[in-house]
Amino acid sequence: MALDDELKQGLEERKNHAQYRSRRITESAQGAEIIIDGKQVINFCSNDYLGLANHPEVVKAFKEAADVYGVGSGASHLINGHSRLHHQLEEALAEFTGRPRALLFSTGYMANLGVISALLGKGDHVFEDRLNHASLLDAGLLSQARLQRYQHNDINDLKNKLTTSKGKRKFVVTDGVFSMDGDLACIEGLSTQAQKYDAILMVDDAHGFGVLGKKGGGVVEHYELGIEQVPILMGTLGKAFGTFGAFVAGSETLIETLIQQARSYIYTTALPPAIAAATLASLNLVKKDNWRREKLIALIDHFRTGAKQLGLALMESATPIQPLIIGENSKSVELSEALLGSGVMVSAIRPPTVQEGTARLRITLSAAHTEEQVDRLLDGLERYAQT
Ligand SMILES: *Cc1c(COP(=O)(O)O)cnc(C)c1O
């Protein structure tokens, strides 16, 4: 078949550039150690930053809700899939973020597509950080607004673009914590520029929620910013919260508009209610277990100190995302495989996820790790990654 021949050629090209991706099979719950491809390894690549994905209270809430509500939600939120548990979770997330309302989406990807495509269209302008998550960039394209990407965290570049913009409605959109670099967006500066040029700031805090801020309120708590500065706040539940799904928090009017207009909200089945119940349990743990964030900070510090002693070139990241830039695709894959061989799992991240020439090991730490496990990682890096 002609299509298959063409596709085969594409796959070959990927292989030649060390860009071919393949999956491994995980046979355990997420945690500091997992079993993958039949081998027990220390896990330094999941986004389960607080170690909640397999927490007994979260699992219990999930099971109990499944006993009452079954598994499938049966329909979209606007038909009859919006259960009491979904509603309770939305109220709890609104309270947690200190905003009037919150709206659940089935995934973070869909939340971003839904918000941006519902609120922007032809004649509008959207300004995005070059390193924004793919879902935000895709959302910008889908919306048909004019998409302009500013240099990473470069307030001046944004300002220059805003000055000349004649967009009807203008959005500035950024990751809160950049997913492949681990650094924080300069939200204060972005917010000042947005307000000055009559643009709306949207922050996707997929990697900050639960992790940053004393209470786990994410990047907005870290910078002490409210709804005035960040009118549209998006968070995901599949990372630090350890469950699945996402939400958008903002004003009453914003949320009602999304319910009417966000296509990725309207035309999809609601999350299983048991996921909402599990998330209510994990939200409780996020709020009350300050020790998880404190431990994470201590582990990040332990890792960075050790890595510096080894002379490894760390990036400026104070978050659990600690990338080690390798450069070449093939080298990053070799390193990742060598580490896996020694029982330490770190994923190699290559273009197009990151820029050409910046393939890296994306190391992620979790409150579930011990110092000894981080030392095992450092031993592995000493053996294989020192140049
Ligand atoms: C993971 C992630 C998403 C997507 O969230 P899912 O719930 O996994 O679809 C969106 N934005 C950022 C910055 C992310 O890291």
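Both ligands and their constituent atoms are indexed starting at 1 by order of listing. In this chain, residues are counted from 1 in sequence order.
Of the protein's non-hydrogen atoms, the one nearest atom 6 (P) of ligand 1 is Gly108 N, 3.3 Å. The protein heavy-atom contact nearest to atom 11 (N) of ligand 1 is Asp204 OD2, 2.5 Å. The single protein non-hydrogen atom nearest to atom 14 (C) of ligand 1 is Lys239 NZ, 2.8 Å, given as residue, atom name and distance.
Ring centers of Phe178 and His152: under 6.0 Å apart, within the cut-off. Ring-centre distance between Phe105 and Tyr265: below the 6.0 Å cut-off.
The Ala206 neighbourhood of ligand 1 comprises atoms 2 (C), 11 (N), 12 (C), 13 (C), 14 (C), 15 (O), with distances under 4.0 Å to a heavy atom of that residue. Near Ser135, meaning under 4.0 Å from one of its heavy atoms, ligand 1 places the atoms 10 (C), 11 (N). Under a 4.0 Å criterion applied to the non-hydrogen atoms of Asp175, ligand 1 contributes the atoms 13 (C).
Connection of Leu93 to Val203 is established within a shared hydrophobic cluster, with ILVMFWY side chains joined at heavy-atom distances below 4.5 Å, either directly or through further cluster members.
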Q. What do the steps show when you test Phe209 against Phe247 for ring pair (Phe, Tyr, Trp, His ring centres under 6.0 Å), and what is the final call?
A. CA-CA 11 Å; Phe209 260 107; Phe247 66 93; 5.2 Å; yes
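Here the shortest heavy-atom distance to atom 3 (C) of ligand 1, taken over His133, His207, Met180, Met234, belongs to His133.
Residue Ala246 places no heavy atom under 4.0 Å from ligand 1.
With a 6.0 Å radius and a threshold of 12 heavy atoms from other residues, nucleotides or ligands, Asp198 has its CG atom at or below the threshold. Atom CG of Leu3 has more than 12 neighbouring heavy atoms from other residues, nucleotides or ligands inside a 6.0 Å radius.
For the pair Tyr109 and ligand 1, the shortest N or O to N or O distance falls below 3.5 Å.
Rounding to the nearest 0.5 angstrom, the gap separating the NZ atom in Lys170 from the CG atom in Leu120 is 12.0 Å.
If you look at Thr236 next to ligand 1, the close heavy atoms, those under 4.0 Å, all belong to the side chain.
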